[in-house]
Structure formats: structure tokens, C-alpha cells
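Just so you know, these numbers use all the heavy atoms, side chains as well, and skip hydrogens, waters and symmetry mates.
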Amino acid sequence: MKTLLFCLLVLLSGSVYAQEDLALVGATIYTSPKTAPIISGVVIIKNGKIAAAGKQVKVPAHMKVLDCKGLVMMAGFWNSHVHFIEPGWDHADKQPAAQLNNRMDSMINSRGFTHVFDLAALNYPNLLALRARITSGEVNGPAILTVGVPFVPPHGSPFYIQPLTLPEINTPEEAVAYVTKQIQAGADGIKVWSASPDGHGIVPMPIDIIKAATSTAHKFHKPVFAHPTADTGMNIALAGGVDILAHVAPDGYRSWTKKEIDQLLLDKVALIPTLKLYKWELERKNLPVSNPLMTTALQQLGAYAGAGGEILFGTDVGYITDYDTSDEFRLMSDAGLSFDEILAALTTAPAKRFGMAQHSGRIAKGMDADIVLLKADPHTDSRHFSEVAYTIRNGKVIYNGIDR
């Protein structure tokens, strides 16, 4: 009977490790950025939490052991800029779990992401249905935070989503009402286009509207993301009091000034680079990657990170249809970010920014058992951050890249 029950749990969960405590043995463990790794360490997982982590940790008798020799362990990754807008995610409430698991593996789980922030849901109820199925355990996937449906300036729907449009907010009063409605519907943050490319030029967001939106979101203790597009949008975002830039702002083809960087630092604005986005867009247009758009993006990231600015990893995946993350890691290195800075952007920085640092972002006793195991050490080559062997969420193996 006990064996039959276990088999049933396996079939329902899709993972032989579901519902079990687990010992991860033999990996090189980076517990957090700027901390020397533990060589051949042990992590004990019980009830979805890390019960012990270190060099001299005894594995309890009869506990399931995952051999991690030759692998590199760190806290599960955050992707702070994703989208679930491709047609394959439609009807998330009715799709077979196996089908959603396959899509989730391809885009999210196989990349080591245990937390993601969705930065534009074009079908909000559908995203909430997907999130509910992950939360219930029916579908393997990350914790999903979302901004719901973002809004744009008057007559400012971006040209690249045509024929779709986004809500256009015309007055501060409309901004207050819209932000309140989004948050009451379950949004974990708000996103605005502080400047939007309409296909003819850049449409700026009126300052009084963006200020009304950010002040309302902050009353609910929610972060505000801005899509800046160019330096115009970046400066409007700063004036409007936003918390996070969803991209660098290379469309103006100029580096940020020291004054602008100092203001970003003073306002404690976080930056999500999304460098691969620009490479991907250039390649789609058969333009060289050495284009000024790319070089400007690299300069802006390098300058802000070099000044001590907070960087959050994000790829714009879901809008970008190439899910591979290796280019993003390589480009971040090209911009001058170190191993520790990239690891922080993946783990401790977003955990702190989004209020989860007490239980997420590090390998330590009492933390959530959100873990990624890599096939090679990214300390020697940042592209190794993309070579995922296992992804573990709340103690459950949601991706197995070894036995496939």
C-alpha cells in the first residue's frame, strides 16, 4: 500500500522527488555572492526548507540522496522580466498539465528560474489561472509575480505590439483608479511606459500621470517598473518616482551622464538590463550586433553597475522567442559585471528588492529550498550560468537536465 501511494504521488506530480525530503551531496556550493564556495558540500532539505548546509553535514538515514558531485549549486534564480503572452500559454485553466509542464520547462524551469516577475499580461485572467495551477502543485513552475496589464501615455501604444493596444491613461485621476484596480485584482507591482515608441517617434508619459501612478502603488507598498525606451523616458521615470527600470534606455544612442547616474543611485532605482533583447532585435533586422544600439546598452549597464547601482537579472523572455540565457550572461560580462555581481542580480538583489530576503536568495539553514544546480562553474565563464542540471523549487525537483 505504501509503495502504491508513492507511485501515485509520482504520477500526479511528474517528479520522483516530489513530497520527499532530500539530501544534495557533493556539489560546490556558492551560498551567496562574495562568499567563498563550499567544496563537496551537503544541503539537507526538509518540508521545502533548507534544514542544513555545509561541509560537515550528516545525511540522515533513509533520506533520498541526489548525487551532485561535479555540479555547482547556488540559490534558485530570479528572472525579473518575463512574459507569458505567447499563444502556447492560452487557456491555461484548461490545458493538460503535461503540456504546460513542457512549455514551462522550455522557457523557465530549464533556465534555473524559481521566481519570475511577469511585466505585461495581455490576458490577466489567463496569467492568474496559470499561477494558480503552479501554486496548487499541478504544474511545475516558479513563483510568479506580476504587474498585470501595464499602461501607456495617451496615444502611446508601442508599435511592436500592433494590432494590440494597451490601456492609455489620460489624467492623474485615471492613473489612480487604474493602479488601484490592478493591485486589488492581484498585481504585485505596476508597469508604465514612461516613453513609448509609437512607430513615428517617442511619446512621453505626462509627469503628473506617472507621479499619480507611483504614489498610488507605493501606498499599497508595490514597486513601479518603467519602460524607458530612451533617455527621455529614463528622465521622466526618475521624475515620476519609479523604482525599477525594466530595460536600459539605448534608443537615444547616448551614454548616461554622471548626473543621471547619481540621481538613479540617490533614488535607489534598480535596473533590469535585458541586453539580449537588443541583440535579438538587431539580428531580426539583419543588422550587425556592433550597432550603436547595442554599444549604448552595454555602456549604460556598465556605467550604472560600476557606480554601485542595483542590477536585477531579466531577459524579456516570452516577448523574445529565443529562450536561451547564455547571451544575456555573456553580454553582462562584456559590460563589465563580475561573477558576484551577476549572481547577486540573479539571487540576493531581487529577493531583497521584492521583500523576500528573509527566506529567499541564499543557501542557508531556514531558507526556502529554491536551488539551482549547474553543470559547470560560471566563476570561470558566465555562460555556465545557463547550463542547468537541476532546478528545485520548495524542495521539489521541477527540472531534471541530467536524466533526460
Side-chain angles (χ1 to χ4, degrees), residues 79-85 116-122 124 145-162 164-169 175 178-179 182 187-207 209-214 217 222-253 256 260 264 267 269-278 280-281 293 296-297 300-301 304 309-320 328 350 353:
N79 189 329
S80 298
H81 193 145
V82 306
H83 301 282
F84 296 95
I85 58 177
V116 300
F117 218 125
D118 170 82
L119 291 196
L122 302 181
Y124 196 19
L145 304 176
T146 180
V147 298
V149 183
F151 69 88
V152 296
H155 311 293
S157 281
F159 72 90
Y160 47 79
I161 69 166
Q162 293 175 354
L164 299 174
T165 59
L166 291 171
E168 298 175 7
I169 302 299
Y178 187 80
V179 169
Q182 287 286 100
D188 304 288
I190 294 297
K191 181 183 175 185
V192 303
W193 260 255
S194 53
S196 182
D198 67 352
H200 305 287
I202 294 176
V203 182
M205 177 73 75
I207 294 292
I209 293 178
I210 196 169
K211 283 185 174 180
T214 55
K222 303 297 184 183
V224 180
F225 298 76
H227 183 118
T229 304
D231 46 281
T232 300
M234 190 269 286
N235 284 300
I236 290 171
L238 277 173
V242 306
D243 305 291
I244 302 162
L245 295 179
H247 306 275
V248 285
D251 289 49
Y253 301 105
W256 289 335
E260 288 168 336
L264 286 165
D267 292 347
V269 176
L271 172 65
I272 306 171
T274 66
L275 297 177
K276 180 176 177 174
L277 167 66
Y278 307 105
W280 185 74
E281 293 283 20
L293 187 75
T296 303
Q300 290 175 350
L301 171 60
Y304 193 48
E310 180 180 309
I311 309 300
L312 307 177
F313 184 85
T315 59
D316 211 350
V317 69
Y319 170 69
I320 292 177
E328 188 71 26
R353 171 64 63 161

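How far CD of Glu310 is from CG of Leu245: 11.5 Å, rounded to the nearest 0.5 Å. To the nearest 0.5 Å, the span separating CG on Leu238 from OG on Ser194 amounts to 9.0 Å. Between the CD1 atom in Ile244 and the OG atom in Ser80 there is a gap of 7.0 Å [rounded to 0.5 Å]. How far CD1 of Ile190 is from CG of Asp243: 11.0 Å, rounded to the nearest 0.5 Å. For the atom pair OH of Tyr124 and CD of Gln182, the computed distance is 6.0 Å after rounding to the nearest 0.5 Å. Annotation: the span from Trp256 atom CH2 to Gln300 atom CD amounts to 4.5 Å, rounded to 0.5 Å.
Here the side chains of Ile272 and His247 are not in contact, with every heavy-atom distance at 4.5 Å or above. With a 4.5 Å cut-off on side-chain heavy atoms, Asn79 and Phe117 do not count as touching. The shortest distance between side-chain heavy atoms of Thr315 and Leu277 does not fall below 4.5 Å. Leu145 has its side chain out of reach of Val116: every pair of non-hydrogen atoms, C-beta onward, lies at least 4.5 Å apart. Between Pro273 and Glu328, some side-chain heavy-atom pair lies under the 4.5 Å cut-off. Side-chain contact between Ser196 and Thr229 is absent, with no heavy-atom pair separated by less than 4.5 Å. Side-chain contact between Val248 and Tyr278 is present, with heavy atoms from C-beta onward closer than 4.5 Å. Looking at Phe151 and Tyr178, their side chains come closer than 4.5 Å, going by heavy atoms from C-beta outward.
Ile207 approaches Ala239 most closely through the heavy-atom pair CD1-CB, 3.8 Å. Heavy atoms only, all atoms of each residue included: Ala226 and Pro228 are closest at O-CD, 3.2 Å. In this structure, Ala213 and Ala175 approach most closely via the heavy-atom pair N-CB, 4.1 Å. The heavy-atom pair separating Ala120 from Ile85 by the smallest distance is O-CG2, 3.4 Å. The two residues Lys191 and Ala246 have their closest heavy-atom pair at CE-CB, 4.4 Å. The shortest non-hydrogen separation linking Val203 to Pro153 is O-CG, 3.6 Å.
In terms of modelled atom types and a separation under 3.5 Å, the side chain of Lys222 and the main chain of Asp188 share no donor-acceptor contact. The main-chain N or O of Val152 is never found under 3.5 Å from a side-chain atom of Glu168 such that the two would form a donor-acceptor pair. The closest donor-acceptor contact from the side chain of Thr214 to the backbone of Gly240 lies under 3.5 Å.
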Begin from the C-alpha positions of Asp251 and Asp231 and carry the test side chain to side chain contact (heavy atoms under 4.5 Å, CB included) through to its verdict.
CA-CA 8 Å; Asp251 289 49; Asp231 46 281; over 6 Å; no
Applying side chain to side chain contact (heavy atoms under 4.5 Å, CB included) to Phe225 and Val147, what does each step give before you reach the verdict?
CA-CA 8 Å; Phe225 298 76; Val147 298; 3.8 Å; yes
Between Val192 and His227, is the side chain to side chain contact (heavy atoms under 4.5 Å, CB included) condition met? List the steps.
CA-CA 6 Å; Val192 303; His227 183 118; over 6 Å; no
Test log, rule side chain to side chain contact (heavy atoms under 4.5 Å, CB included), inputs Leu271 and Leu312
CA-CA 6 Å; Leu271 172 65; Leu312 307 177; over 6 Å; no
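Side-chain atoms of His81 and Thr274 include no donor-acceptor pair closer than 3.5 Å. A donor and an acceptor atom, one from each side chain of Asp316 and His83, are located under 3.5 Å apart.
Among residues two or more places apart in sequence or in another chain, the ring pair (Phe, Tyr, Trp, His ring centres under 6.0 Å) test is passed with Tyr304 by none.
Checked against a 6.0 Å centroid threshold, the rings of Trp280 and Tyr319 count as neighbours.
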